[in-house]
Amino acid sequence: MKKYFKQPYIHFWFSIPILLLIGFLNSTKVVSLNLHDTYFIFSFFPLTVLIALLFGLIGLGYWIMHAKGKRLSAWLNFSHMAITIFGLFIAWVLSLFIKDEIAETPMETFDHNMLLQSIILAILLIVILGQLVYFFNLLRGFISNQKKQF
């Protein structure tokens, strides 16, 4: 199991085609976020392309550390992968439960959607803060004098 998390770049790079496929299949949908008094509306496809690009860069960072023979913490690798991949997956699944405004009375729909958007926003903030684990792991790997044992 330890070997599974010693090469996390593979997981991030394999998730890129999945992200692009999801973005292509949902290209007509929009993601809307009501934050305080500002309403943000994003198209779904460019958002998934941006996340795929970030996954590619994260994978590149892990690959460079692997190619240089630097030792990274398996626990930090697992933590970063779990926070990033599962956090985005849970946020995407929860976004599927947002109701259309035609379904019920406007206030019930608004309350339901506001609660879901608040939960999704909290999960996305955890994912963003979880990227600190990635940078800490890379910094720890650069500073550490331990080389990987093959």
Side-chain angles (χ1 to χ4, degrees), residues 1-66 70-143:
M1 189 71 167
K2 243 183 179 181
K3 185 175 178 169
Y4 186 72
F5 297 111
K6 286 189 177 181
Q7 298 175 340
Y9 57 90
I10 293 173
H11 305 290
F12 283 102
W13 286 346
F14 279 142
S15 63
I16 291 172
I18 296 168
L19 280 169
L20 293 176
L21 181 65
I22 289 171
F24 180 72
L25 294 176
N26 296 321
S27 60
T28 58
K29 293 186 178 182
V30 294
V31 176
S32 58
L33 177 65
N34 188 2
L35 186 62
H36 298 290
D37 288 337
T38 308
Y39 200 63
F40 297 102
I41 299 174
F42 305 101
S43 179
F44 199 74
F45 184 67
L47 193 60
T48 55
V49 169
L50 178 66
I51 293 171
L53 178 68
L54 291 175
F55 273 24
L57 291 174
I58 289 170
L60 182 66
Y62 277 128
W63 179 78
I64 288 172
M65 295 299 286
H66 179 74
K70 297 288 186 171
R71 173 175 256 159
L72 296 176
S73 169
W75 172 247
L76 291 176
N77 287 347
F78 172 74
S79 300
H80 178 248
M81 286 172 33
I83 290 170
T84 304
I85 295 174
F86 294 124
L88 288 175
F89 178 74
I90 290 170
W92 173 66
V93 168
L94 287 177
S95 71
L96 297 175
F97 292 112
I98 292 179
K99 293 182 181 179
D100 290 334
E101 295 175 0
I102 302 171
E104 296 176 26
T105 63
M107 260 338 256
E108 289 176 3
T109 303
F110 180 75
D111 289 341
H112 175 77
N113 287 349
M114 283 301 293
L115 177 66
L116 268 178
Q117 286 181 357
S118 299
I119 293 170
I120 292 170
L121 180 63
I123 290 171
L124 292 178
L125 287 176
I126 291 170
V127 168
I128 290 170
L129 288 175
Q131 301 313 303
L132 294 175
V133 174
Y134 169 70
F135 291 115
F136 177 73
N137 196 10
L138 289 184
L139 184 64
R140 183 185 162 279
F142 273 124
I143 293 173

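The structure displayed is predicted, hence computed values, not measured ones.
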Review item, side-chain donor-acceptor pairs of residues 123-132, under 3.5 Å, at least two apart:
residue: Gln131; atom: OE1; partner: His80; partner atom: NE2; Å: 2.8
residue: Gln131; atom: NE2; partner: Thr84; partner atom: OG1; Å: 2.8
residue: Gln131; atom: NE2; partner: Val127; partner atom: O; Å: 3.0

Can you tell me how far the [atom1] atom of [X] sits from the [atom2] atom of [Y], to the nearest 0.5 Å?
X: Met81; Y: Ile83; atom1: CE; atom2: CD1; result: 11.5 Å
X: Leu25; Y: Thr48; atom1: CG; atom2: OG1; result: 10.0 Å
X: Leu116; Y: Leu121; atom1: CG; atom2: CG; result: 12.5 Å
X: Ile22; Y: Ile51; atom1: CD1; atom2: CD1; result: 10.0 Å
X: Phe12; Y: Leu60; atom1: CZ; atom2: CG; result: 12.5 Å
X: Leu19; Y: Leu54; atom1: CG; atom2: CG; result: 10.0 Å

With a 4.5 Å cut-off on side-chain heavy atoms, are Val49 and Phe45 touching?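 In short, these two side chains touch, coming nearer than 4.5 Å.
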
Does any part of the side chain of Leu72, heavy atoms only, come nearer than 4.5 Å to the side chain of Arg140, both counted from C-beta? no

Give the C-alpha distance, both sets of side-chain angles, the deciding distance and a yes or no for side-chain contact (heavy atoms from CB on, under 4.5 Å) between Phe89 and Ile85. CA-CA 6 Å; Phe89 178 74; Ile85 295 174; 5.5 Å; no

Report yes or no: does Asn137 contribute a side-chain atom to a donor-acceptor pair with the main-chain N or O of Ser73 at less than 3.5 Å? yes

Shortest non-hydrogen contact from [X] to [Y]?
X: Trp13; Y: Gly56; answer: NE1-O, 3.4 Å
X: Tyr62; Y: Tyr9; answer: CB-CB, 3.8 Å
X: Gly61; Y: Tyr134; answer: CA-OH, 3.3 Å

Count the heavy atoms belonging to other residues, nucleotides or ligands that lie under 6.0 Å from CH2 of Trp63, then report whether that count exceeds 12. no

Qualifying residues under side chain to side chain contact (heavy atoms under 4.5 Å, CB included), relative to Ser79, sequence neighbours excluded: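 Side chain to side chain contact (heavy atoms under 4.5 Å, CB included) list for Ser79, sorted by chain: Trp75, Val133.
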
